[in-house]
Every structure is written in structure tokens, then in C-alpha cells.
Amino acid sequence: LTSFLEDGVCSYLKLPFGEQKKNVDESKPPLPFSASYFMFNKLSAWSRDRKVQSKLLTPADRSSRVLFQFISSYQPKYLLNPLCLFCDVLSRCFKTKEERVEIPVPESSTTVKITTYSISGTTFATRHFEIHKKDISFVPLAPHILSLTPDFSTSTLTLKWSDNGSAFPYGLDASWEIEVLRKETMEDVTRETYNSKLIHEDIIHSWNWKSDMPLECTSHYVKIRRYINITQFDGPKDWSDWSPVEVVPGKDTEPNGSGLFPQDTVVAVGSNVTFCCVHKEGQQIQRMSYGAKDYPLIRLSSRSSAIRVLNANASSASGTNIVCTMSEDWMDGAVLFVGYGPDVPKGLSCETSNFVIIKCTWKPGRATGLYKVRGTKYSLTESISGKNVSCEVNEMKKKHVCGFPVLADQKTYSFILGASNPIGQTEASLLVDLNQRVNPETPEKLTASGNSSTSVHLRWFINGSFAEIRLLCEIEISSGRSEQKVHNVSMPGGKFSNYTVQLNALHPYTKYQFRVRCSAADHFWRWSDWSGTLEYTTLEAPPTRGPDIWRERSPSGKSLRIFWKPLSLSEANGKIVSHEVSCYLLEESLEYKEVMEPSNSTEIKLGRNDCVISVVAKNHAGSSPPSRITSVELPSDNVKTDRAVAMGNGIYISWNSFPNMTCGYIVKWCHSSGSEPCSVDWQKFPSNTTDAVIKSALFRPGVRYNFSLYGCKSSGYQLLKNVTGYMKELPPKRAPNFTVEETSSDSILVKWEDMSIEDCQGFLEGYRLSFAKGEKDALKPRLLESGNPELKVKNITDLTKKSLKILDLQGKTSYQLDLQAYTAGGLSPPNSLYVVTKEDCKLNIPIN
Amino acid sequence: MCGAAGGTYGLTDVALSPPGVVPFVALLLLQRRPVAGRALLGTSSACPTNGLCRANVLEQTRRQVALLNATAQDLFSLYLKCQGEPFSSESDRLCSPSGIFFPPFHVNRTTERKEVMVAMYKLFAFLNASLGNITRDQEELNPMAKELLNRLHNTTKTTRGLISNLTCLLCKHYNIFQVDVSYGESSKDKSAFKKKQQGCQVLRKYVQVIAQAARVLLPHLSPA
């Protein structure tokens, strides 16, 4: 059977052969042909005239025809010039010399007579048979492929064809079966069905197919057929014949075609990939390897072989090499990049620091293993405005950043961050109200100015346009004088503006460190980074009080030395440049001196006179109130010297209450350091005080300090008592020097010297004399370390005693003597002597 | 690991910033093949009359060649490692320099000094461009291989310093300010495999030629 084509129409109806046979009169000789019955519809006419189309449903439509086509099967002699006469039931006859004829579609059924005439015109045979409309098949004509286009880079074939829909009624379902074959032997690869709807127009359809084998490896063939579900037709419907085959030739068909395919492909981990090696005629492939492993060859043609890599592992950054080794030492290769599609971006967050750019950050998630041109590309799309930007990211960094311009009059942004690489694509989304995502730029150009000692104007610049929000700025205030403070200030934002704030209640002449950070005031999101630290010293103010002063008359009594202590920073309020010292007798100034820093004392020659001394501290801003002290020293009787108690961190002094000391007490002492004259120090106490722990950074353990307690009366100062003591007593530095004055056969008399106060390092409490038999022998252990059971110890607590006689010793015996001094701080190192008692012939008395 | 940066590379400050030469002065390079890498075009029509060479330029040139010779094999080995198998195991076949352009270097110890200098200039001009290509390709293929990239960068810098020194020597001693230079084929539009292979072929040939250059140069660069 062949298809029939007229006026571009490619449809035919086919009667099943079984039905045809049924209508043939079996008793008559067979017709000299086998016959099928075709109906031909002039569908092309329908497309021009819709009224005609509706007549399709009417079997009596004269535009419908059955096409008879005969195919001679035997008796060819009769077919040299056959003439057939078809007559239907209405006695309409159709003559033909061809092997086909068309007749109108019967209304329901019709009896057809076919008469075959010989060349001479005589009837050769006549046959009657009946045709039923429901027995006529609808068989579309084979479709025609318009194009078959290969995309070698993606191994994709694109097939295009026209559906000739204009020849059919609107809305018919059409199915298209497409078959792909490959290799010279045209092996089936796939057969797929494509469905469409005919819309009474000629539509060009396109179908893509991705080959699992590079198209260069071998030739690929494609053919197509169709099936139209023409519901208006009563008879059976069938697939059309296949279209002629279209071919995409492989490289192995080109005379000089060669190479390894595919090149530079990117696939997902776990993929199956086919590589082929196409070579020239006469060459032979020795082996093909993927990475370090050889794979079995799959022969595609005489010039092409392939390997199939299953479940590919992730490749290194530079990809996995595929190498084809030929017999003549010739190698060709390709690189496969195996990685992952991009992960969904993690932790997408967007904020603005200046209302010019929105900065979005995210983490890329799992590494794709693909870089540079194959690396993940990001784009940021804003759905409301429809704008998008592509993001330049540094793939080596763990956190990615992308900027998006702030759009005028838009506060809400709906971001979609798209991530794509050759393997796939993902996205993450974020809805942002920009006013709630403000992380201002770091304040810069921080400066300070002021004309007061207790306030300052701070000024800074923020590079951004914050005119539509309020800013909350935090000012950190640090100084060595007080704890760090934070001052918050809310202010209207500006456009690339400077911001100013005044800080009050500062201390005069104090070095402050200021730094600033800001955030949005109404919707806090994040603080900016801190600005750089600004150091600023407030202006000076006059000292708040006069210095603490003391005076001492010279031993001759003719001059008076006045001492003052430096003011603390908070009292000085500036840099003290000098002290004014005046001496008044009544209202008369006897002497005036200005003593420049850093002196802390001065001498006034008074003779035997007394006066009231006034000391004023001065800085650049002014003078302190005066401190006053009288030079009058009241006489004292029976001044005693007491011992102070060492407290470890200070020296405890106590005294009786002296009711007539109306203006308090003064404890004065002197620090001595080497050859320098000792420096006077003092501490004042109110009248109700009877004890104190005197502390000084200059006190050292083991050093004796002498204190003088003065009482203050309105008429002058009176020495009440002296006190001596240690901050901490230490063991004496050494033992006293001692000598043997005399020995007998049973006794030894030793004498020792006094010790200096410096050597004592504490109040001396006694001596310890240890003795036992022993000879001067370095190999023997020292006396105090020996644990000798015969060791005897004498404790001398009478400090006036400077000698001791040891009795009851053995004659002509060597003794070791150790002498130590001790204080509350412990024992000194010992001084040792070895003494041999004299011989006693009469008695040998043991030592008790 | 190819991607790990580690170890030290034996380049001295001399290589990075040659103290013995004035800033890079390229001789006129006449292009015979497609240019790969930077184009080094000299504009002067004569040697500068003074200030071209500083002291000890001969010694410095010798040291630069010695440095390249000392580091070439390691560079090649690391390059192979970073390309993945079978480049290391099949380097003889994959990296065979036959079929690629490489400037001829037919000199020996008896060759006239001037010819040696010209051949050296052609060699290192070619190498400089080729190293530029290889570095660019590897930055694309092996962005994580910091050690390899460092070595390529440093070798390129040394060749650049060497070219400057040769420029000065040719000008000063032979008044040569024009040398025809041929470059290899650009790898820019080639496949990843061809890029790897071309780099491997050039570096393998480089290892051989730099050793020869070091041997030949010793007598020629000794102060006369």
C-alpha cells in the first residue's frame, strides 16, 4: 500500500484487509490485484471554506472520496494497459488505467463493482463487494521532517516538523512518534511520543533530545510518524507511515574527522558519561583511560570507539582527564569536570549602610568543586521592581557579598538570590523592609572642640543618606579618671552629613578618649563599627583646693622648711606650674616666694620669729584656695618612743586621746633612700582619731621607720610622742660576730658584738646559741641541719647580755658552736665556731 | 596536595626586582607567529646612550639563569601533579615537545658570545610569553593550586628580569636593539586538555633548554 498525497494533504483511510476479504466472492476467480480502499478527503478545501468542513460529518458529502489503489500481485500480462471501471451503488462509474481511483465516501455502505478490461476491450473480470464506512481506516500521510539540527556541545538533537494542522479541523489531538537510531547499523536508541493539538493552522513543532553519547561519536538518525485522533470519523484510525530518515553524521564519517568527545564537559557527581575516540582510517585505539584507570572499549564503528564511565566521582579543580592512546604513540584527550550543582544559599541577609547600596551576604553552602568559568554564578533579582544584578563573588571566600542599588521610593525589597552553574540552579529569597535593615557606615572624621573645661563638642561624618530615618548614636567616653561611660543620643539622619553633639559634666584638664557608633533609632538592626578613637583633653580650671602642707624648723631654729604634697589630678584641674608661699605675721607679709614645679618644699628664713604660712597652687587657669599652717611649735615634755606594729602592708600606730588637741593630729615620718636627705611625709588625722595604719608605697619590709606624732592646737603644733616600727619585720641579715673568750676542760665562754639596725631588719628579740660535739670537717653536715641528738640550744632573750659561758662540757673535745639572732621575722643565718676544750686528766664529765 | 601552598621557593630579591638593571627595556620584537601573552614592543630606535646597565649585570644574569635552572624541574613536576593523571605517569608521551614551537637554541660553549645572547633573548622572550599563557590557564583550571601559581608567577618575574638584563647586555656590548622574536601558539581558545598539554610540553622543553643555557652561559657570562 502506498500513501496518497494531493494538494498537500497527507491523510488516508485504510480498510482493514480482513474486511476487504470478507466482501470478496470466494466462488469467483480472484481479482488480479489486491485492493485496499482509501478515502480521500479534500481537506485542503476545508481550510478555505469552513462550511465545507461541517459536511465532513455527512457521509453524502461529495467532497469525500474513497481511494482505491491496486497493487498487482500476479497476472502482470493483464496490467500492461489495464482499464478498470469502478461503479458504485448509484451506478456512478470511474474509469482508470492507473492502479488507483477515488470515489466518494459512501454514506453508510455501498457495493462496488470492479471490472477489468483487457487491452482489446473485453471484460477480463468483474467483482462486486461491499464497502462500509466504519470499515474504512483513517491513516494520515507520513509527516515530513523540516530540519534535524545537532548541538554538539550539549549532545542535543533538535527536530522540527510541520503538523499541517490547516488541513484538519480545529482541536484534534495529534500524537507523534519519534524514533532515534544510531551507528551504521541503525540501532534503536529511543522512541518517544510527542502530543499536540491541531489548531487548524500549520504549526512547526520542535522536539529536543539529549543523547547520552556525544553526537560526534557516530551517526544519529531520526524518523517520525503521526496519529491523528479524528473523532468525527467512524472507522478505525491508524499511525501514518514513517517519514524519510534524517541523519546527523558522526565525525567518523568525515574523511579526516578525529578527536576525543566530549570536550570540557561538566556533569554532576554520580553521572554516567560516554566518551568516544574518533580516529583516522588505519589507526587503532590501544586504550582509553579515565583518570588513572583504563576502561573497556565499546566499538561504535571502524573509526570510533567509546568508553562508559558510570557514577563519576567529584573531580579535582582541573577536572578528570580522559585520554585515548593510539597505536602510533598518538594521544588525544579531554577533560571532564565533575561537581555539584549549587547549594541553596545559606543565611541570606540584606542590609544597607548608606541607603545607596543594599549589601546582601550569604554563605554558598556545600562546595561545588567547580571554579572560574564553571563556578557558581549568582544574580540578585528584586521582584517588585523587576530589576536584577549579577554578582561578582570571590569564590575563595566563605561569605559572598552582592550589592543592589537602593531604588527611589521603594522601601520593601523582595530579593531572590539565584545561584547557577553548569549543573544546576537554586535560589533563596528574602523580603526586606530597608528601614529595618540599616547598619550605618562607620562614623568618620571624628573631631572635638570646646571652650569650657567641662564640656566638648563632638562632630563626625557618616557617608550615607539617612534623611528618612533617625539615627541613634552611642558615644563611648573613657578617661583614666573615671569608669567608661556611654552616652546615647538620637538625632535626625542627614544626607552625607556631619553630626554634632555636646557632652557636658566632663572633668577639667582630663584626657578623654571618645568614639562613636550609630544605628537606626526606630528599628534597631545593627550598630555600625566604632569610629576611630579621638583623644581630647579638656581645658584647665583653677585647682579645687590648696595643697596639703607641713613645716619643720631647722635644727638651728632660724629657718623654716615648708613642704607640700602634690594635688591629685582631680584637684589640680590642670598642670600645676608653681606654688606661691607666703609668710604672714598678723596681716603683714613677711616673705613671699613663688616656687616653680617640680619642687615640693622651700625654706623661709624666719630667725626666731613665727608666722602663718600660706601655700597656693597655681595652674594656667588660676590659683587654688590657700592652705595655711602656723610655724609655732609648742614645747613638749617627756616625749616617749613607742614601737609600732608591723601590719604587712602598713605600720600601725596608736596614741592616747589628747582632748586639748582641737585641730587634730599629724603623723610625720621620713623616707630615706641612700645618701639623699630623707624626704618628709606626713598624714593628718582628725581630733577624734587615736590610731592609724600608715601606708606608703615607699615603705619597704625590714626597714625601720621613725614617726613623730604631733598634736594640733590653735596656738601651734606639739610633739606628743615618737614611734618606730616596721611595715614587715624580716629575719636579721646575719648573726652577730662572736668569739671564744676562754675555754677550760668543761666550759667555753663566748662573747658577741652588737648588731646594726640595718642588719636586724626588725626588732631584735634574742639570740640562739646551738652547740654539739663536732669537728671542722666539710664532709660532715652542718650543726643545725644534722638532727644531732646531742645538740644543745641556749636561748638568750636578755638583749643586754653579750656573753655566755657554756658549762658541763667534756675535756679535750671538739665542739661546734652556732650563734643566730632573731626577730619577729625569724632567725638569721648562723655564725659558726669550732672549739676544743682543754684536757682534764682527773675527770671526764659528760655534757648535760 | 596540589592545591596546598607550602614550602619555599628559591627566588631571591634579585629575581623579583633586579637591582642590576634599569626598568624593563624590551628590544623590538618582530612577530612571526600568533602572539601569546603580553606584547613586548620596544619603541626606541636605538640603544640608550647611558644608564642602561648597572654594575654586575653579567653576574646577575648568570645567577638568574642558574636560579631558573635550579627551579625548573620542581616547577615541571608540580605542574604535572596539578594536571591530574595520566600527566605524571605518561608525561613522556603527553608532554613530548614534538609538534609545538620552541625557539631553537643551538649554541654551545664555543659559540660566539653575541650569538649566545641573541639566542638567549629569543628563548626567554618566548618563555616569558609562554609562562604568561600557562599561568593564565592554570589560574582558570587550578585556582586553588597556590603553590603552583606562586612558582609560575615567580618564574615569570625572573624571566622578565633576565630579559631586561639581556636587553642591556645586547645594547651595551653589541649595540643590538632589534631582535626578531617568535612566539608559540596561543592556548586561549583551546580545550582544557590541550591547555594542560601545551603547558606541559613547553615546561618539559624548558627544563631541558634551561639546563643547556646554564651550561653554555657559564663561560660567556664570566667577566672577560
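Remember, it's a predicted structure, so these values are computed and weren't measured experimentally.
Put simply, the side chain of B:F193 does not reach to within 4.5 Å of the side chain of A:L260, judged on heavy atoms. At a threshold of 4.5 Å between non-hydrogen side-chain atoms, the residues B:E140 and A:V373 count as touching. Counting only heavy atoms from C-beta outward, the side chains of B:K194 and A:D332 approach each other to under 4.5 Å.
Residue A:N321 touches chain B through both its backbone and its side chain, counting heavy-atom pairs closer than 4.5 Å. Residue A:F337 touches chain B through its side chain alone, counting heavy-atom pairs closer than 4.5 Å. For B:S191, the parts lying near chain A are the backbone and the side chain together; criterion is any non-hydrogen pair under 4.5 Å. Only the side chain of A:T325 has a heavy atom closer than 4.5 Å to any heavy atom of chain B. When heavy atoms are compared at a cutoff of 4.5 Å, A:A292 approaches chain B by way of both its backbone and its side chain. In this structure, chain A has a heavy atom under 4.5 Å from the backbone of B:E139, while its side chain stays farther away.
Enclosure of atom NZ in A:K210 by more than 12 non-hydrogen atoms of other residues, nucleotides or ligands within 6.0 angstrom is indicated. By the 6.0 Å contact criterion, CD on A:E187 is enclosed, its count of non-hydrogen atoms from other residues, nucleotides or ligands being greater than 12. In the displayed structure, A:K346 atom NZ is contacted under 6.0 Å by more than 12 heavy atoms of other residues, nucleotides or ligands. More than 12 heavy atoms of other residues, nucleotides or ligands shown are found within 6.0 angstrom of NZ on A:K183. In the displayed structure, A:K359 atom NZ is contacted under 6.0 Å by at most 12 heavy atoms of other residues, nucleotides or ligands. A:E254 CD: more than 12 foreign heavy atoms inside a 6.0 Å radius.
A distance of 12.0 Å separates OG in A:S316 from NZ in B:K81, rounded to the nearest 0.5 Å. Atoms CE and NZ, from A:M396 and B:K146 in turn, are 4.5 Å apart once rounded to the nearest 0.5 Å. We find the CG-CZ distance between B:L141 and A:R374 to be 6.0 Å, quoted to the nearest 0.5 Å.
B:K196 places a side-chain N or O within donor-acceptor distance of the main-chain N or O of A:S318, the cut-off being under 3.5 Å.
Of all the listed residues (A:G319, A:A334, A:G375), the one sharing the greatest number of non-hydrogen pairs under 4.5 Å with chain B is A:A334.
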